[in-house]
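Accompanying notes for the structure given below.
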Amino acid sequence: MSTVISNLADIADRYDAFLIDQFGVLRDGRGPYPGAAETLVRLKDQGKRIIILSNSGKRSEENDRRLVELGFVAGSWDWFLTSGEVAWQILKREGRQASGLPRKCLLVSRDGDLSPLKGLDLERTQWGEDANFVLLAASEGDVLPLSHYEALLAPAARRGVPCLCTNPDKVMLTKSGTAFGAGRIAELYEDIGGKVRWIGKPFADIYDFALDFLGHPDPSRICAIGDSIEHDIAGAASAGLGSVLVTTGILEHASDAERQKLFAEHGATPDFILPKFLW
C-alpha cells in the first residue's frame, strides 16, 4: 500500500541517496517543472547523494550540460547517469568483432544525433541489409510513423541482427504532448522477429552502474523517484530500493484506479506517491 505525501521533505530523512528520473519528474518536453530545480538544491543541501537516472540514449555529459542550460543548478546532483552512457561503456568494452574489422551499426537516433557512436570503433550504416547490429537510441515518433521504422529495421530483423535498445521508454514527452518512444520501436523489432538487449530502467545494468558509483550502500537507504511504474517503480523494486511515484509526466491524467491496475500489471507498488517534485 502506497502512502501519499505532500512534499519530498516528508521522507528525505529516510534515505541517504536518491535516483531521480529526468523526464516527467524534473521536466517535460517544454522545459523544467516549476520548483524542480529548487527542490534538487534543497535535497542536496540536506547532504544527500543524488544521481539523475534517465532512459536517454544520449551520453551522460550531454544530458548534464542540457539540464544546466535549462536552468538547473550545476552541482545539485552528483552524476547524471543515462542508459546511453551505460550502453556506450558496454560497447567500448566489447570492441571489435572477432574478425578484427569494425562492426557495422545501424543507428536509430533523433535529430541526426551521432553522439552514441562517438569514440567507438564502429562503422555506421544506414541500411539493415548490411548491419552487424542495431543501436536504438531514440525515437522521432512525433514526426515519423511506426511503419517507417518497420521498413527500416525489417531487413536486419530477418537476418537475425541483434539490437541494443538504449532507451526503453515506450512513451516520450514532446513539446506537443506524448509520442511513441524508442522502447516501442524495440518492441516492434521483437515483433518482426529480431532480438533485443534492453539497457536502462527497469533493467539491471543501469542500477549496477548507479550502485557502484554510490559505493554499494544499504539498498533500503536509497530511493528512486520517477513517473513510470513500468520503468522507475519496477526497476527500483527489482534492485531492492525504496520508491516514490510522482504523478506528473506520463501519468498526469491517470486515475487512481488506472494506477492501481498498472501496479498489478508490473508487480511493483511505490512506497510513496507524490503529486509533484517539490520540497
Examine distances only and state if a side-chain atom of [X] and a backbone atom of [Y] form a donor-acceptor pair shorter than 3.5 Å.
X    : Y    : value
S109 : G112 : no
R110 : A138 : no
R221 : A17  : no
K48  : A12  : yes
D113 : P116 : no
D64  : L67  : no
R159 : G128 : yes
T39  : W279 : yes
K92  : G119 : yes
S238 : G235 : no

Report yes if some heavy atom in the side chain of [X] is under 4.5 Å from a heavy atom in the side chain of [Y]; otherwise report no.
X    : Y    : value
Q22  : R27  : yes
N63  : F80  : yes
D205 : R197 : yes
I52  : L26  : yes
L40  : F277 : yes
L214 : I222 : yes
I90  : W88  : no
L188 : L146 : yes

Presence of salt bridge, D21 and K201, under 4.0 angstrom: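 Judged by the 4.0 Å cut-off on N to carboxylate O distance, K201 and D21 do form a salt bridge.
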
Under-4.0 Å salt bridge between R103 and E123: no

Search all heavy atoms of [X] against all heavy atoms of [Y] and return the closest pair with its distance.
X    : Y    : result
L106 : Q126 : CD1-C, 3.6 Å
S243 : P270 : OG-CA, 3.2 Å
L153 : I185 : CD1-CG2, 3.7 Å
P168 : S83  : CD-OG, 4.5 Å
L81  : I206 : CD2-O, 3.6 Å
I229 : R259 : CD1-O, 3.9 Å

Examine [X] and [Y] and state if one hydrophobic cluster contains both, with Ile, Leu, Val, Met, Phe, Trp and Tyr joined whenever side-chain heavy atoms are less than 4.5 Å apart.
X    : Y    : value
L278 : Y33  : no
I50  : V246 : yes
L241 : I11  : no
L274 : L262 : no

Candidate pair Y207 and L53, rule side chain to side chain contact (heavy atoms under 4.5 Å, CB included), full reasoning: CA-CA 9 Å; Y207 293 96; L53 197 67; 3.9 Å; yes

Over 12 foreign heavy atoms within 6.0 Å of [atom1], [X]:
X    : atom1 : value
H216 : NE2   : yes
R124 : CZ    : yes
K276 : NZ    : no
E61  : CD    : no

Measuring from atom [atom1] of [X] to atom [atom2] of [Y], what distance do you get when rounded to the nearest 0.5 angstrom?
X    : Y    : atom1 : atom2 : value
T3   : I5   : OG1   : CD1   : 8.5 Å
F272 : L8   : CZ    : CG    : 10.5 Å
S54  : I20  : OG    : CD1   : 12.5 Å
N167 : T82  : CG    : OG1   : 9.5 Å
R49  : L43  : CZ    : CG    : 13.0 Å
D227 : T248 : CG    : OG1   : 6.0 Å

Pair K170-E187, salt bridge (Lys or Arg N to Asp or Glu O under 4.0 Å): steps then yes or no: CA-CA 9 Å; K170 295 166 188 173; E187 282 187 328; 3.0 Å; yes

S139/F180 under side chain to side chain contact (heavy atoms under 4.5 Å, CB included): CA gap, chis, key distance, verdict: CA-CA 7 Å; S139 163; F180 66 84; 3.7 Å; yes

From CA spacing to verdict: side chain to side chain contact (heavy atoms under 4.5 Å, CB included), E140, M172: CA-CA 10 Å; E140 292 185 307; M172 65 177 180; 5.9 Å; no

Check: D169/N55 side-chain N/O donor and acceptor closer than 3.5 Å: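 Yes.
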
Parallel, tilted or perpendicular: rings of W79 and F213 (30°, 60°):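 The arrangement is tilted - the two ring planes meet at 30° to 60°.
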
Criterion side-chain contact (heavy atoms from CB on, under 4.5 Å) against Y189, the qualifying member of V196, L136, V108: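 Among V196, L136, V108, the one meeting side-chain contact (heavy atoms from CB on, under 4.5 Å) with Y189 is V196.
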
Side chain to side chain contact (heavy atoms under 4.5 Å, CB included) evaluation trace for L107 with L117: CA-CA 8 Å; L107 173 66; L117 302 182; 3.9 Å; yes

